2 protein chains.
Amino acid sequence: MNILEKISNELDMLSKSERKVAEVILASPSTVIHSSIAALAKQANISEPTVNRFCRRLDTKGYPDFKLHLAQSLANGTPYVNRHVDENDTAEEYTSKIFESTMANLESARKSLDTNDINRSVDVLTQANKISFFGLGASAIVAHDAQNKFFRFDVPVVYFDDILMQRMSAINSRQGDVVIVISHTGRTKSLVEVASLAKENDATVIGITTKGTPLAKECSIVLTVDVAEDTDLYMPMSSRIAQLALIDVLATGFTLRRGSKFRDNLKKVKDSLRSSRFERKD
Amino acid sequence: MNILEKISNELDMLSKSERKVAEVILASPSTVIHSSIAALAKQANISEPTVNRFCRRLDTKGYPDFKLHLAQSLANGTPYVNRHVDENDTAEEYTSKIFESTMANLESARKSLDTNDINRSVDVLTQANKISFFGLGASAIVAHDAQNKFFRFDVPVVYFDDILMQRMSAINSRQGDVVIVISHTGRTKSLVEVASLAKENDATVIGITTKGTPLAKECSIVLTVDVAEDTDLYMPMSSRIAQLALIDVLATGFTLRRGSKFRDNLKKVKDSLRSSRFERKD
DNA sequence: AGAAAAAATGAAATTTTATTTCATAATGAA
DNA sequence: TTCATTATGAAATAAAATTTCATTTTTTCT
């Protein structure tokens with residue numbers, strides 16, 4: 001809890017001298033964080049031990065610890081939270097809200113991820129004969145992006161955002177193939193079926209979805225990406241961004257597992273693009 | 001400025017021993033605010049004066065003052081810094097680093113955005129006869145995603161990730177058309193040409209790119225998305241995520257500008273998907 | 001390569017700051 | 001008023017941070 005609030009709440013639990021301290025602090029907290037205990041004591045016309053006792057009464061370890069708490073309370077910035085866009089927001093406001101919500105959701109997505117599952121997924125991916133990414137709608141672009149990344153690793157990789165192609169591809173899969181199925185809701189019928197088909201054909205199926213969905217039940221490994229999707233505007237927003245971050249994690253894990261020679265190769269792929277670009281002048 | 005960012009920015013200005021201090025702090029800033037200078041020195045295997053010098057190099061008055069700044073940075077909700085993935089990172093570590101870097105980059109992207117330009121872009125988009133999104137490589141998926149969103153607004157919208165189609169489309173554009181060209185580097189020759197062609201044909205060209213690039217010079221409106229791309233692994237990472245967040249902002253601005261009846265329509269689009277999904281049981 | 005200069009570093013001394021101890025003063029209940 | 005309880009601050013102590021300075025390392029210049 002904010003220590004400034006705490007001070008004003010507990011004002012009547014304090015002794016007379018301690019209250020003097022409280023008042024000085026409340027009057028100008030930003031000065032206090034730069035004062036020594038002696039300076040504050042003088043300011044409040046009381047002794048140093050009193051300041052110390054005051055700090056302890058607020059459940060801090062002592063004066064320096066108290067200042068730390070105070071500094072944190074003063075740090076004006078609100079932590080990133082999912083703030084909903086409002087009808088009358090200015091461009092400034094809705095821009096901030098969207099960026100902050102996205103960051104907040106990335107944070108919660110990270111917390112929902114299990115690194116063991118990531119490890120297992122990277123294991124499986126590095127040993128795959130073929131990797132397929134399937135997604136529909138907003139998740140299609142995640143699959144698309146994944147292809148763009150894994151393509152550089154000289155592994156056979158495909159992506160489909162077409163139901164029929166996905167089915168056909170799933171039916172043709174075999175042991176050693178990895179199929180990654182991406183769906184925020186995890187309830188899209190055709191995708192759940194595709195996952196199930198691929199599994200029947202002995203492919204390893206990795207699901208990127210929300211916890212406990214029908215899709216999750218069909219997968220060999222589930223990479224849980226839980227985000228509080230803002231549904232006010234009826235469009236997928238943060239979910240796909242969290243999924244993309246997860247793709248980055250998998251791609252990174254893949255390159256690390258493959259070792260440093262492999263990364264030189266990646267550099268070559270990148271350098272090959274140079275001639276298509278205007279030179280930098282700096 | 002956030003002191004954690006500052007530390008990582010100035011990492012190469014630091015001496016060897018000071019860098020050790022920096023690393024210990026970045027690894028676990030929340031531990032550090034409860035450590036004495038002696039404890040931190042021991043942790044980093046260097047002497048106390050070195051910690052002190054480190055603090056001063058970051059323009060703080062000394063160690064206690066540094067801790068205050070650190071505490072404020074942590075309270076700010078952003079302990080997020082662009083941290084580079086290391087060869088020997090565990091899955092836990094690289095996952096955290098990627099998520100945190102992504103968040104840090106979103107933060108800096110937001111700062112680089114000019115809300116006036118966003119407003120102008122939304123103006124132009126709401127009045128467009130036709131909207132086209134062009135991107136290549138990693139930016140292609142951003143264009144793809146934008147189509148997926150704007151498609152719901154019953155405006156004619158196309159996306160191309162093919163150079164020839166982009167050229168043809170640009171040549172056929174006319175007054176009242178809006179062409180959005182997406183490129184992190186802003187140096188991809190064919191895209192710069194496409195932007196220039198579209199402009200010659202009187203389309204309004206909006207660029208989503210980094211400040212001051214060749215592409216930026218060809219655009220009617222430039223939406224600046226500056227991110228410190230992590231090039232260690234030679235793959236685009238945060239840039240496309242920041243671009244996607246910007247697409248969310250534009251789409252949101254669009255729906256807000258169009259008013260509430262319009263949003264009911266969006267709900268209908270979304271509801272139309274229901275039959276393709278498994279029902280939620282809760 | 002080797003010498004001189006500059007920069008970085010840590011041990012020890014010093015200073016500053018915080019905490020504890022303890023004696024005294026204020027407060028309040030019988 | 002008297003005794004007990006609590007509050008307070010002076011002084012002593014402890015802890016923490018900073019400075020000084022000698023030594024080591026690095027860089028620069030023959």
Side-chain angles (χ1 to χ4, degrees), chain A residues 3 6-74, chain B residues 3 6-74:
Chain A
I3 195 118
K6 193 168 182 175
I7 295 173
S8 26
N9 284 343
E10 301 192 4
L11 218 54
D12 24 294
M13 271 84 149
L14 300 175
S15 74
K16 209 187 333 170
S17 302
E18 284 169 355
R19 201 164 317 142
K20 284 191 202 167
V21 184
E23 277 156 16
V24 171
I25 294 166
L26 290 174
S28 175
S30 53
T31 315
V32 173
I33 59 171
H34 296 114
S35 309
S36 68
I37 192 167
L40 175 56
K42 198 176 170 194
Q43 181 84 15
N45 266 305
I46 45 78
S47 72
E48 302 179 23
T50 301
V51 176
N52 205 270
R53 283 187 285 261
F54 166 84
C55 296
R56 298 221 171 119
R57 201 175 295 271
L58 290 155
D59 303 313
T60 62
K61 290 182 69 185
Y63 184 66
D65 189 43
F66 169 79
K67 284 212 294 188
L68 241 42
H69 282 264
L70 191 58
Q72 295 200 317
S73 300
L74 289 180
Chain B
I3 195 119
K6 191 167 185 177
I7 295 173
S8 42
N9 282 344
E10 301 193 2
L11 218 54
D12 21 292
M13 271 81 149
L14 300 175
S15 73
K16 209 187 334 168
S17 303
E18 284 169 354
R19 201 164 315 140
K20 283 191 203 165
V21 183
E23 276 156 17
V24 171
I25 294 166
L26 290 175
S28 175
S30 52
T31 315
V32 173
I33 60 171
H34 297 114
S35 309
S36 68
I37 193 168
L40 175 56
K42 199 177 169 194
Q43 181 84 12
N45 263 307
I46 44 78
S47 71
E48 303 180 21
T50 301
V51 176
N52 204 270
R53 283 187 286 259
F54 167 85
C55 296
R56 300 225 169 116
R57 202 178 294 270
L58 290 154
D59 304 315
T60 63
K61 289 182 69 184
Y63 184 67
D65 188 41
F66 170 80
K67 285 212 294 187
L68 242 43
H69 281 264
L70 191 59
Q72 295 201 317
S73 298
L74 290 180

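Source: prediction; values computed, not measured.
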*Step-by-step side chain to side chain contact (heavy atoms under 4.5 Å, CB included) determination, A:V24 to A:N45*: CA-CA 10 Å; A:V24 171; A:N45 266 305; over 6 Å; no
*Step by step, would you call B:T60 with B:L68 a side chain to side chain contact (heavy atoms under 4.5 Å, CB included)?*
CA-CA 9 Å; B:T60 63; B:L68 242 43; over 6 Å; no
*Contact residues, residues 53-62 of chain A to DNA chain C [heavy atom, < 4.0 Å]*: A:R56, A:G62
*Please work out which residues in residues 44-51 of chain A have a non-hydrogen atom less than 4.0 Å from an atom of DNA chain C and list them by number.*
A:E48, A:P49
What pairs of nitrogen or oxygen atoms, one from the protein and one from nucleotides 14-16 of chain C, lie under 3.5 Å apart?
none

Can any side-chain N or O of [X] pair as donor or acceptor with the backbone N or O of [Y] at less than 3.5 Å?
{"X": "B:K67", "Y": "B:S36", "result": "no"}
{"X": "A:R56", "Y": "A:G62", "result": "no"}
{"X": "B:Q72", "Y": "A:A71", "result": "yes"}

*If you round to the nearest 0.5 Å, how far is CG of A:L40 from OG1 of A:T50?*
10.5 Å
_A:I25 side, atom CD1; A:C55 side, atom SG - distance, nearest 0.5 Å_ = 6.5 Å
*Yes or no on side chain to side chain contact (heavy atoms under 4.5 Å, CB included) for B:F66 and B:I3, after CA distance, side-chain angles and deciding distance?*
CA-CA 9 Å; B:F66 170 80; B:I3 195 119; 4.1 Å; yes
Could you give the [atom1]-to-[atom2] distance, from [X] to [N], as a whole number of Å?
{"X": "B:Y63", "N": "D:dA17", "atom1": "OH", "atom2": "P", "value": "6 Å"}
{"X": "A:K42", "N": "D:dA10", "atom1": "NZ", "atom2": "C1'", "value": "17 Å"}
{"X": "A:L14", "N": "D:dT6", "atom1": "CG", "atom2": "P", "value": "16 Å"}
{"X": "A:L40", "N": "C:dT19", "atom1": "CG", "atom2": "C1'", "value": "15 Å"}
{"X": "A:R19", "N": "D:dT8", "atom1": "CZ", "atom2": "C1'", "value": "15 Å"}
{"X": "A:H34", "N": "D:dA17", "atom1": "NE2", "atom2": "P", "value": "16 Å"}
{"X": "B:E18", "N": "D:dT25", "atom1": "CD", "atom2": "C1'", "value": "14 Å"}
{"X": "A:F66", "N": "C:dT19", "atom1": "CZ", "atom2": "P", "value": "12 Å"}

*asked:* From the set C:dA18, D:dT18, D:dA16, return the single nucleotide nearest to any side-chain atom of A:I37.
replied: C:dA18
*Determine: side-chain N/O of B:S17 to OP1/OP2 of C:dT9, distance under 4.0 Å, yes or no.*
yes
_So, OP1 or OP2 of D:dA7: does either fall under 4.0 Å of a side-chain N or O from A:S15?_
no
*Mapping B:A38 and B:K16 to their closest nucleotides on DNA chain D, which lands nearer the 5' end?*
B:A38
*asked:* I need the single residue from A:R19, A:E18, A:K20 that forms a side chain to side chain contact (heavy atoms under 4.5 Å, CB included) with A:F54. Which is it?
replied: A:E18
*Compare every heavy atom of A:A22 with every heavy atom of A:I7, then report the nearest pair and how far apart it is.*
CG2-CB, 3.7 Å
_Just checking B:E10: does its CD atom have more than 12 heavy atoms from other residues, nucleotides or ligands closer to it than 6.0 angstrom?_
yes
*Could you walk me through whether A:D59 and A:K6 pass the side chain to side chain contact (heavy atoms under 4.5 Å, CB included) check?*
CA-CA 10 Å; A:D59 303 313; A:K6 193 168 182 175; 3.0 Å; yes
